[in-house]
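So that the names make sense, note that chain A is the first sequence line, chain B the second, and so on, each numbered from 1.
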Amino acid sequence: MKLKPVYIARDYEQKIYEAWQENKIFQANPNSPQEHYSISMPPPNETGILHIGHALFITLQDILARHARAKGYDVLWLPGTDHAALSTNAIIEKKLAEEGTNKNQIGRAKFLEITREYVASSRNTINAQIKAMGASVDWSRTRYTLDDTLNRCVKEVFVKMYNDGLIYRGNRIVNWDPALQTNISDDEIEYIEEDAKLYRFKFGPFEISTARPETKFADKYVVINPHDKRYLKYKHLDQFKAEWINGTITATVIKDEAVDPSFGTGVMTITPWHSLVDFEIAQRHNLEGQQIIGFDGRLLPIAGEFEGMTIEEARNKIVQKLDKKGLLIDIDHNYRHSIAINSRGKGIIEPQIRLQWFIDVNKRKIDWKNKKMSFKEILQEVIKNNEIKLYPKNFEKVYFHWIDNLRDWCISRQIWWGHQIPAWYLNNGDKTEVYVGLQPPQGKGWEQDPDTLDTWFSSSLWTWSTLIDPNLARDQNLTLSDLLAKSIDFQTYHPTNVLETGWDILFFWVARMIMSTIYITKQIPFKDIYLHGLVRTESGKKMSKSDPDSIIDPIKIIDQYGTDALRLALIQDMAPGKDEILGRSKIITNRNFCNKLWNVARFIQNKIKDSPVSNDSLNLKYDADHWIIRELTKTKEKYIKALDTYHFSDAYRHIYRFLNDKLADWYIESSKTNSNSNLLKYCLEETLILSHPIAPFVTEAIWGTEEHSKNGLLATQGYENIVNYNQQKAQHFDDIMVIVSEVRQLIKNLETTNLNLSTKSDFILTNTKLIKNLSGVNEIKNDSRPTPFKLKNSKHTIYINIATSLVRAYQVKLKNSLANQEQIAKNLKNRLENQDYLKKAPQELVNQTKSQLQLALDKMQNIQDELNIFVY
RNA sequence: GGGUGAUUAGCUCAGUUGGCUAGAGCAUCUCGUUUACACCGAGAGGGUCGGGGGUUCGAGUCCCUCAUCACCCACCA
């Protein structure tokens, strides 16, 4: 088949992916005698559509998977989707609201049914888009964070943790989202700053400041720093009367270090029910708290006349009332206040006290390394001991900092979409019995906890639960340990080799996987963690839905420029853990790499047509042949090493340099003079095999148009050993390159097309035609008579014959290069005159410096000799 | 308030344990359609690596400090 002049990606990509799938080449084979390699794909939201972040992680993981296959591993890259509890639940509730109903009206069963239908229809979208990216995943092992096996695992883990005392139920301040009617984890909160008013009120003998007067109905305590000299006459637990919003109250003085004397008046009242800090102060002193704001965000009966009002409605009215009573002192309008919002739903968070389930991160209950350790300690241990390696390493600092500040993890959510908590309650008059188990308890009156578990609880089980055989998981007679022992995938592919994900979910997900996996399986979940950065717009901003122009839509890019162009643009100049900027121009540049490869293939195929490939074994005929094999060998070593160490952009740069600077610019150009079609074909095939992990489609497309000694699709080809070459002959071609480059410069600088050379060197004379074709020199004569000018960079003696009219221009050029060489020689000389350098630097380096200096001096001498001609 | 990272050519960025005469892509300028490629080729210009100090024979690279920016964590009534 003949290749078209230009590579049109969309004509090939889909068919190629289908061919890969038909041949089942991405299917893992645990029975393979080869070594095994595995990656768990971070499951994207099933309701999502492919964005640039997905495109990045698919690209990186696909490169790793294909690279491992080419190295000869049996590879499992396991795909899946996440049920994304919070956001999916919110979508459905919004839909219901639009239809004029709500979840309580339709009931739990109906709600779940609607949700299931909705997600089933959208899951295909994301999976098709993952395929479009070229992902070499094993679709036969697709998993879902809400499927039966995972549900079983979730319950098993919950029950085990409960029995070990690692999960407890307690009254704690949680981040309540009145809009979504659920609490969310600390990590899912964002803070935004806004202008607010800071009110100062009279409170008994004190002045207090607050930005939130609406929470002050039940404030019966003033808290003062014990060291605050202004208030030494008030003792801890002193009582006083104060006129307040709804009449006179009796209040108590509390002394606590948490108060900052320099803020406001140094006196504050506390609202334990609606503030974490206040709650902690109240706990220290055993104070009562009272709920002021309902879970619907409206004021409760304690607010008296303000009952039922929202916070916005009530605030000004309360201030007005206090003002009328003469209690308002002043208002600071320049106050900036940060408010907590839900990073997913954007609802304003109202701290509330609720009975919730928590995971204890400090209890030493987990067996690891023959010790009883806490989750916190395990998280520190595995990274400290290098059992799990972080790339880039500097994220360790952030990681440890996060662990130091880790609190117990609240895992219950007041939503319906997700894994329901396997806890049941029985009301016995004034006491509630609690039962936690895999199956509902016997007997009447038990009711299951309506809450579900945080999505991250189930996704933290991802690496191992996905490797459990789903058929075995249905057998309730088997224990969880049995399941792990009998599942061949788990035995073969766990721990996984690498977790590749964004640094933004290091804590949400990565850390929690380490916790849960070690706790259950006694294995680490992965050996390496590679963190990539975020992809930003050309102006450096985060791509956001509110600014549609800023969004690079991978689907559109793929259609327009091809998947490979997108993949290459994503890894070009990318550094681990660092955000990168991606714009259209970068994609176009990388589309050009594909086109270059395509045209190299076209040229070589035409060549082969003209002089068909013989059946002889590979025969290196010309100096250039040895040279290109040397370059290919170097490139291959560097490329493989770069990918082995997650240096994606380096790997790409190496193959890019080889293709453009070596193969196309020099070898193909020289093959127009001296053609070795066997070797051309070999170089093309090697380049395709090497480039395949980073640009799978265009390479497979070219491969498909060729006849190969090797069978099968390109995606199944491994890296092979490279043929031997002769080092000396390779260097001969280096000599030719030096000459050609200098001649090209001369021709440009002197603005002539009429440049002639003469030499008596046999080497040059046998390569006359090649040098002429490559450099554009007019003629190379066999003539030993010297002319005033010589080529300077070649070790061969080659004279230049130029017209007298050009001599002056040539003189300027000589002076420039003399100055240049002088500077170099001066630097090297200084270095060699430094005794310390001679003593302390490695001998090898000193020798190198000496020969560099000699080279520079020789060149200077030559130039000077030529310049002397002008002395008159 | 605590922390992390960044600062290298006009722009976007590489630069792996210090050895650099600091690189690439894009952009700019000049020339060129020679058996693949104008989604091309050849050549050129452009940087005291944010400032200052230190360690070292040697610093873009390590340490200190200042400045600017970005992000993360905590959050004060």
Side-chain angles (χ1 to χ4, degrees), chain A residues 3 5-7 186-187 191 198 208-212 215-216 219 222-223 258-260 262-271 275-278 337-338 340 392 394-395 397-398 401-402 404-405 503-504 506-507 534 538 540 561 565 572-575 577-583 585-586 588-607 610 641-642 645 647 649-650 653 656-657 664-665 668-669 671-672 675 741 744-745 747-749 751 753 773 775-776 820-821 823-824 827-828 831 834-842 844-846 848-849 852 856:
Chain A
L3 295 178
V6 176
Y7 172 61
D186 292 346
D187 297 326
Y191 291 89
L198 184 66
I208 57 155
S209 299
T210 181
R212 301 204 57 187
T215 63
K216 295 290 161 201
D219 289 2
V222 294
V223 189
V259 179
D260 174 5
S262 67
F263 186 90
T265 57
V267 182
M268 71 178 208
T269 63
I270 56 169
T271 314
S275 155
L276 179 60
V277 174
D278 293 3
H337 182 68
S338 49
N394 56 25
F395 269 95
K397 288 181 191 167
V398 189
H401 187 252
W402 178 78
D404 291 342
N405 296 311
W503 54 256
D504 50 329
L506 181 61
F507 309 129
L534 302 178
E538 272 179 311
Y561 302 102
Q572 186 198 18
D573 290 343
M574 176 202 70
K578 286 202 343 196
D579 294 354
E580 68 170 317
I581 284 176
L582 180 71
S585 64
K586 202 169 173 187
I588 291 171
T589 306
N590 289 286
R591 185 263 320 263
N592 295 353
F593 172 86
C594 300
N595 195 55
K596 192 78 186 172
L597 193 55
W598 185 260
N599 277 293
V600 164
R602 287 180 66 207
F603 175 83
I604 292 178
Q605 289 184 358
N606 285 336
K607 243 339 185 215
D610 296 343
K641 192 181 163 209
T645 53
H647 287 89
S649 98
D650 286 352
R653 194 158 42 239
Y656 186 100
R657 291 270 78 85
D665 288 354
I668 283 189
E669 288 308 316
S671 80
K672 289 173 183 173
S675 175
S741 298
R744 280 177 182 167
Q745 281 177 30
I747 290 174
K748 283 285 174 186
N749 290 342
E751 294 179 346
T753 52
N773 288 348
S775 67
N820 191 20
Q821 290 301 320
Q823 188 57 46
I824 290 169
N827 290 342
L828 293 168
R831 200 179 301 171
N834 183 335
Q835 289 306 313
D836 287 325
Y837 175 71
L838 295 176
K839 258 182 270 169
K840 292 180 185 173
E844 202 184 277
L845 193 73
V846 175
Q848 192 191 320
T849 310
Q852 281 171 344

Quantified in whole Å, what is the [atom1] atom distance between nucleotide [N] and nucleotide [M]?
N      : M      : atom1 : result
B:rU61 : B:rU16 : P     : 11 Å
B:rG10 : B:rG45 : C1'   : 12 Å
B:rG46 : B:rA9  : C1'   : 6 Å
B:rA22 : B:rU33 : P     : 35 Å
B:rG3  : B:rG47 : P     : 38 Å
B:rC73 : B:rG15 : C1'   : 31 Å
B:rG41 : B:rC37 : P     : 12 Å
B:rG18 : B:rA70 : C1'   : 28 Å

Report the distance from atom [atom1] of [X] to atom [atom2] of [Y], rounding to the nearest 0.5 Å.
X        : Y        : atom1 : atom2 : answer
A:Arg602 : A:Asn606 : CZ    : CG    : 7.0 Å
A:Asn599 : A:Ile604 : CG    : CD1   : 11.0 Å
A:Tyr656 : A:Gln572 : OH    : CD    : 7.5 Å
A:Arg591 : A:Trp598 : CZ    : CH2   : 14.0 Å
A:Thr269 : A:Lys216 : OG1   : NZ    : 3.0 Å
A:Ile581 : A:Met574 : CD1   : CE    : 15.0 Å

By nearest heavy atom, map A:Thr265 and A:Gln572 onto RNA chain B; which one lands nearer the 5' end?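 Looking at the nearest nucleotide for each, A:Gln572 comes out on the 5' side.
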Closest-nucleotide mapping onto RNA chain B: is A:Thr645 or A:Ile604 further toward the 5' terminus? I mean the 5' end.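 The 5'-side residue here is A:Thr645.
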Select base, sugar-phosphate, or nothing to describe what [X] touches, counting heavy atoms under 4.0 Å on all strands.
X        : answer
A:Lys397 : sugar-phosphate
A:Arg744 : sugar-phosphate
A:Asn592 : base
A:Val277 : sugar-phosphate
A:Ile668 : base
A:Ala211 : sugar-phosphate
A:Lys578 : sugar-phosphate
A:Asp278 : nothing
A:Lys216 : sugar-phosphate
A:Asp650 : base
A:Ala575 : sugar-phosphate

Confirm from the modelled atom types if [X] and [N] form a donor-acceptor pair under 3.5 Å, side chain to base only.
X        : N      : result
A:Lys839 : B:rC57 : no
A:Arg591 : B:rC39 : yes
A:Glu669 : B:rA42 : no

Please tell me which of the listed nucleotides, B:rA36, B:rG3, B:rG25, lies nearest to the side chain of A:Tyr656?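 Ranking B:rA36, B:rG3, B:rG25 by closest atom to the A:Tyr656 side chain puts B:rG25 first.
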Interatomic distance, [X] [atom1] vs [N] [atom2] [rounded to whole Å]:
X        : N      : atom1 : atom2 : result
A:Asn773 : B:rG41 : CG    : P     : 19 Å
A:Asp573 : B:rG23 : CG    : C1'   : 10 Å
A:Lys607 : B:rA36 : NZ    : P     : 10 Å
A:Arg653 : B:rG15 : CZ    : P     : 7 Å

Check whether any side-chain N or O of A:Lys596 sits under 4.0 Å from OP1 or OP2 of B:rG41, and answer yes or no.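 For B:rG41, OP1/OP2 do have a side-chain N/O of A:Lys596 under 4.0 Å.
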Both distances below 3.5 Å, Watson-Crick or wobble geometry, any strand: find the nucleotide opposite B:rG43.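 Because both required distances fall under 3.5 Å, B:rG43 counts as paired with B:rC29.
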